S.K.: 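Got a structure for you, written out below as structure tokens; questions coming shortly.
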Amino acid sequence: VEELPLSRVGLGAWAFGGVGWGPQDDRDSIAAIHRAVELGVNWIDTAAVYGNGHAERIIGAALADLSPSERPLVCTKAGVLVDTTSGHTYRDLTPQSLRGECEASLTRLGLERIDLYQLHWPVNDSGIVEQAWETLGELQREGKIRQAGVGNFDVSLLDRCAARRSIDAVQVPLSLLSRDAARAVLPWTTARGTRALVYSPLESGLLAGGFTPQRLRSLPESDWRPRRPQFQQPQFNRTMELVRRLAPLAADLGASLTQLAIAWTLAWPGVSGVIVGARSAEQVDCWAGAFGLTLDDSVLREIESALLETGAGKGPTRPQ
Ligand SMILES: NC(=O)c1ccc[n+]([C@@H]2O[C@H](COP(=O)([O-])OP(=O)(O)OC[C@H]3O[C@@H](n4cnc5c(N)ncnc54)[C@H](OP(=O)(O)O)[C@@H]3O)[C@@H](O)[C@H]2O)c1
């Protein structure tokens, strides 16, 4: 398998799709990509389903403005599709669908090869998942993709796929609030030396510092976030309390809360990269400093106390 030299932080393109996050200006998305690249982010994570192809088209447009040496690596995903009649998503991991998706992604991205191709979500039938995993192996041998990974798989499914062919990367959520990956999936990837890419380190914006009850109330109907449990009570108030507790800690480190939240995910053993979303170049500027921020044990203990005392989120509380 070819090496894939990913920076510790990657840019997440979900909001660039323009669906589910309220209005998003394509020019801001392209500016965010260019700024991230300038600041040393060398990969973008996206998916065919983000905006039903729109996020990939925007990435394709942003890449076309860059010289080949500046171009970031592109990681995309397949297996979740949009029913254009209802607008709802559904999963399809059949070989024929995956192959069609791969071709469509290559066209939208303007690439000959995808750097990392991932099964976005599993389906209930593990036989189908294993067959899908074989299909990614075929795409790799055919030169359509460089590496293959999976997202949101539990360890039993990871075991079943790894028994067929090694997994190049595993994608799981990890943030100060969503810490379950630290229980089983991260120990699994660490034990096998498999690359773990963690996502939504800001809990889709909740941990960015500027999220207030007013902001929550003013989100447009087209923003999916208020429907997520973490954005509802009592979790929301616990998170606001956590953010109040962490703000002075971040300030002492000369960091923003956003940077602290990102650095905390990178402090977990076995995490090789974190995928952070941004909707503008300014947001990228604000979190880019996280690359160089390391949290020592005393800071990790203070964060642990804040998590335990506020009751915010769930899962293990201290990277060790
Ligand atoms: N494999 C999967 O199933 C899966 C699932 C989810 C995500 N992902 C990947 O992970 C990426 C990141 O996850 P995510 O987008 O859910 O969330 P995230 O990285 O936790 O949060 C990103 C959001 O936080 C806000 N934000 C970012 N920087 C900020 C700043 N400096 N100041 C204030 N607000 C800021 C922005 O939203 P607002 O400005 O609107 O608040 C932004 O869209 C996705 O784009 C996607 O590539 C993968």
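Worth saying up front: this structure is predicted, and the values here are computed from it rather than measured. Order of appearance sets the numbers: ligands from 1, and atoms from 1 within every ligand.
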S.K.: Sort and list the pairs that fulfil salt bridge (Lys or Arg N to Asp or Glu O under 4.0 Å) and have at least one residue in residues 59-80, not counting sequence neighbours.
M.R.: D45-K77
S.K.: Do any nitrogen or oxygen atoms of ligand 1 lie under 3.5 Å from a protein nitrogen or oxygen, and which ones?
M.R.:
residue  : atom   : partner : partner atom : Å
ligand 1 : 1 (N)  : Q171    : OE1          : 2.7
ligand 1 : 3 (O)  : H120    : NE2          : 3.4
ligand 1 : 3 (O)  : W121    : NE1          : 3.4
ligand 1 : 3 (O)  : N152    : ND2          : 2.9
ligand 1 : 13 (O) : S200    : N            : 3.4
ligand 1 : 13 (O) : S200    : OG           : 3.1
ligand 1 : 16 (O) : S200    : OG           : 2.8
ligand 1 : 16 (O) : S204    : OG           : 2.7
ligand 1 : 19 (O) : G277    : N            : 2.8
ligand 1 : 20 (O) : P201    : N            : 3.4
ligand 1 : 20 (O) : L202    : N            : 2.7
ligand 1 : 20 (O) : E203    : N            : 3.2
ligand 1 : 20 (O) : S204    : N            : 2.9
ligand 1 : 21 (O) : G205    : N            : 3.4
ligand 1 : 24 (O) : G205    : N            : 3.4
ligand 1 : 26 (N) : Q283    : OE1          : 3.4
ligand 1 : 31 (N) : Q283    : O            : 3.3
ligand 1 : 34 (N) : Q283    : NE2          : 3.3
ligand 1 : 37 (O) : R225    : NH1          : 3.4
ligand 1 : 39 (O) : Q283    : NE2          : 2.8
ligand 1 : 40 (O) : R215    : NH2          : 3.1
ligand 1 : 40 (O) : R225    : NH1          : 3.2
ligand 1 : 40 (O) : R225    : NH2          : 2.8
ligand 1 : 40 (O) : R279    : NH1          : 2.8
ligand 1 : 41 (O) : R215    : NH1          : 3.0
ligand 1 : 41 (O) : R215    : NH2          : 3.3
ligand 1 : 41 (O) : R225    : NH1          : 3.1
ligand 1 : 45 (O) : A13     : N            : 3.2
ligand 1 : 45 (O) : W14     : N            : 3.0
ligand 1 : 47 (O) : D45     : O            : 3.4
ligand 1 : 47 (O) : D45     : OD2          : 2.7

S.K.: Tell me, please, which residues at least two apart from R227 pass salt bridge (charged side-chain N to carboxylate O under 4.0 Å, His left out).
M.R.: E221
S.K.: So, applying salt bridge (Lys or Arg N to Asp or Glu O under 4.0 Å) with K144, which one of E112, E103, E101 is it?
M.R.: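 Answer to the salt bridge (Lys or Arg N to Asp or Glu O under 4.0 Å) test with K144 among E112, E103, E101: E103.
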S.K.: Is the Lys NZ or Arg CZ of R165 less than 6.0 Å from the centre of W133's six-membered ring, within 45° of the axis?
M.R.: yes
S.K.: Report the residues that fulfil side chain to side chain contact (heavy atoms under 4.5 Å, CB included) with A196, sequence neighbours left out, ordered by chain and then residue number.
M.R.: L186, T189
S.K.: Using a strict cut-off of less than 4.0 Å between a Lys/Arg side-chain nitrogen and an Asp/Glu carboxylate oxygen, indicate whether D168 and R195 qualify as a salt bridge.
M.R.: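 Judged by the 4.0 Å cut-off on N to carboxylate O distance, D168 and R195 do not form a salt bridge.
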